[in-house]
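Have a look at the structure below, then the notes.
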Amino acid sequence: MNAIRLIWDRFEEGFIVFLLAAMTLVTFVYVILNNLYTLFYAVGGYFSERSEGVSELFYAVGDFFLDIVQSMTWSNATTKALFAWLIFFGLAYGVRIGGHIGVDALVKLASRPTQRLIAIVACLFSLGYAGLLTVASFEWISTLMNAAIGADDLGQFGIKQWHIGVIVPIGFALVFIRFVEILVRILRNEQVNLGLADEAADAMKLTETEDSKS
């Protein structure tokens, strides 16, 4: 069981890295090509009065890159789709690493048993929320699957809207699983709260680190 969990954790991290890398690569290529054709046009203009043959060559290369840029209408849509996948897939990862902000300043003033009880209630609410959105988004995706509508600027590659939107129910289902894990740990007395981020504590630690260095 631990081996399966470790494999999934590594896959989760690797997939997030892949999404970030793909977004960066698509944007980088588009920006580079966008600047290349203007560069060749500028050089072509420089040689226009000096050597017509060289000038035409640079203009031709500029036209080539311009055609590529104009055909990359899919780049913006691809970046948006990757970003959507990053958000919804990253929801569960944020729960796992405690990346979401926890608003529990008053809760920490309570006794440990009370904190544990509040955490259980909060976890049950989180499970209900994640479960409700999983079911609702699955029904939405089922409608999109039946409609078989092509995604904007990506339909030419056979990509449908539901191919992009399917990450929504998957993401919330993964969040549901992560909160089940948290609930089990709380019931086993392995942790007291939801384990979310504490910005105040992080700020205090950062201040203490800076003071020790100075």
Side-chain angles (χ1 to χ4, degrees), residues 1-36 65 68-69 71-103 123 126-127 129-131 133-134 136-138 140-141 144-145 150-185 190-191 193-203 205-206 209-210:
M1 189 66 180
N2 289 333
I4 295 176
R5 180 175 179 178
L6 180 62
I7 292 172
W8 173 252
D9 288 347
R10 293 295 175 266
F11 168 77
E12 194 175 42
E13 295 167 359
F15 191 62
I16 289 175
V17 170
F18 165 76
L19 292 173
L20 286 169
M23 288 171 56
T24 304
L25 180 61
V26 171
T27 305
F28 174 77
V29 170
Y30 182 77
V31 171
I32 289 297
L33 292 176
N34 233 335
N35 286 277
L36 269 179
F65 284 115
I68 295 177
V69 171
S71 67
M72 287 183 67
T73 55
W74 51 267
S75 61
N76 190 35
T78 301
T79 304
K80 289 180 180 179
L82 291 171
F83 189 64
W85 274 67
L86 178 64
I87 290 174
F88 287 100
F89 191 83
L91 284 174
Y93 178 73
V95 174
R96 172 193 146 198
I97 65 173
H100 298 288
I101 298 175
V103 185
C123 198
S126 298
L127 285 170
Y129 176 77
L133 287 180
T134 300
S137 57
F138 178 77
W140 168 61
I141 290 299
L144 288 180
M145 289 177 66
D152 292 341
D153 294 322
L154 295 175
Q156 56 184 317
F157 304 112
I159 298 176
K160 307 296 183 182
Q161 288 185 1
W162 75 268
H163 291 151
I164 299 173
V166 72
I167 189 59
V168 179
I170 292 175
F172 281 114
L174 294 175
V175 169
F176 185 90
I177 294 172
R178 288 300 183 185
F179 274 111
V180 168
E181 293 177 347
I182 291 175
L183 180 60
V184 170
R185 288 197 297 269
E190 295 176 1
Q191 71 180 66
N193 51 39
L194 298 184
L196 303 181
D198 188 337
E199 288 191 325
D202 293 341
K205 289 179 183 178
L206 181 61
T209 302
E210 291 177 348

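Predicted model only: the values in this text are computed from it and were never measured. Quick note: numbers below take in every heavy atom, side chains included, and nothing from hydrogens, waters or symmetry partners.
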CA sep, side-chain torsions, deciding dist, call: Val95, Ile182, side chain to side chain contact (heavy atoms under 4.5 Å, CB included):
CA-CA 9 Å; Val95 174; Ile182 291 175; 3.6 Å; yes
Between [atom1] of [X] and [atom2] of [Y], what distance do you get to the nearest 0.5 Å?
{"X": "Leu174", "Y": "Phe89", "atom1": "CG", "atom2": "CZ", "answer": "6.0 Å"}
{"X": "Ser126", "Y": "Phe179", "atom1": "OG", "atom2": "CZ", "answer": "4.0 Å"}
{"X": "Phe88", "Y": "Leu133", "atom1": "CZ", "atom2": "CG", "answer": "9.0 Å"}

Side-chain atoms of residues 15-30: list all donor-acceptor pairs with protein atoms under 3.5 Å, sequence neighbours left out, distances to 0.1 Å.
{"unit_1": "Thr24", "atom_1": "OG1", "unit_2": "Leu20", "atom_2": "O", "d": "2.8"}
{"unit_1": "Thr27", "atom_1": "OG1", "unit_2": "Met23", "atom_2": "O", "d": "2.9"}

Less than 4.5 Å apart, any side-chain heavy atom of Thr79 and any of Leu82?
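The answer is no; the side chains never approach within 4.5 Å.
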Would you check if Val168 and Ile141 make a side-chain contact, meaning some heavy-atom pair closer than 4.5 Å?
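A side-chain contact is absent here, since even the closest heavy-atom pair is not under 4.5 Å.
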Side chain Trp85, main chain Ile167, donor-acceptor under 3.5 Å:
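Flag not set: sc Trp85 to bb Ile167 has no pair under 3.5 Å.
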I need the full list of salt bridge (charged side-chain N to carboxylate O under 4.0 Å, His left out) pairs touching residues 17-29, with sequence neighbours left out, sorted by first then second residue.
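Listed once each, the pairs would be none.
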Please list all pairs passing the salt bridge (charged side-chain N to carboxylate O under 4.0 Å, His left out) test where one or both residues lie in residues 73-91, with sequence neighbours left out.
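Found none.
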Test log, rule side chain to side chain contact (heavy atoms under 4.5 Å, CB included), inputs Thr73 and Gln156
CA-CA 11 Å; Thr73 55; Gln156 56 184 317; 4.2 Å; yes
Give the C-alpha distance, both sets of side-chain angles, the deciding distance and a yes or no for side chain to side chain contact (heavy atoms under 4.5 Å, CB included) between Asn34 and Val31.
CA-CA 5 Å; Asn34 233 335; Val31 171; 5.5 Å; no
Show every side chain to side chain donor-acceptor pair (under 3.5 Å) that has at least one partner inside residues 160-183, sequence neighbours left out.
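Found Asp9-Arg178, Glu12-Arg178, Arg178-Glu181.
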By side-chain contact (heavy atoms from CB on, under 4.5 Å) - contacts of Ala130 (at least two apart)
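So Ala130 forms a side-chain contact (heavy atoms from CB on, under 4.5 Å) with Val175, Phe176.
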Applying side-chain contact (heavy atoms from CB on, under 4.5 Å), name anything that partners Ala77, two or more places apart in sequence or on another chain.
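Ala77: side-chain contact (heavy atoms from CB on, under 4.5 Å) contacts with Asp153, Leu154.
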Taking ring-ring contact (aromatic ring centres under 6.0 Å, His included) as the definition, give me every residue that meets it alongside Trp8, ordered by chain and number, with sequence neighbours left out.
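Applying ring-ring contact (aromatic ring centres under 6.0 Å, His included) to Trp8 gives Phe11.
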Can you tell me if OH on Tyr129 sees more than 12 non-hydrogen neighbours from other groups inside 6.0 Å?
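Counting other residues, nucleotides and ligands, OH of Tyr129 stays at 12 neighbours or fewer.
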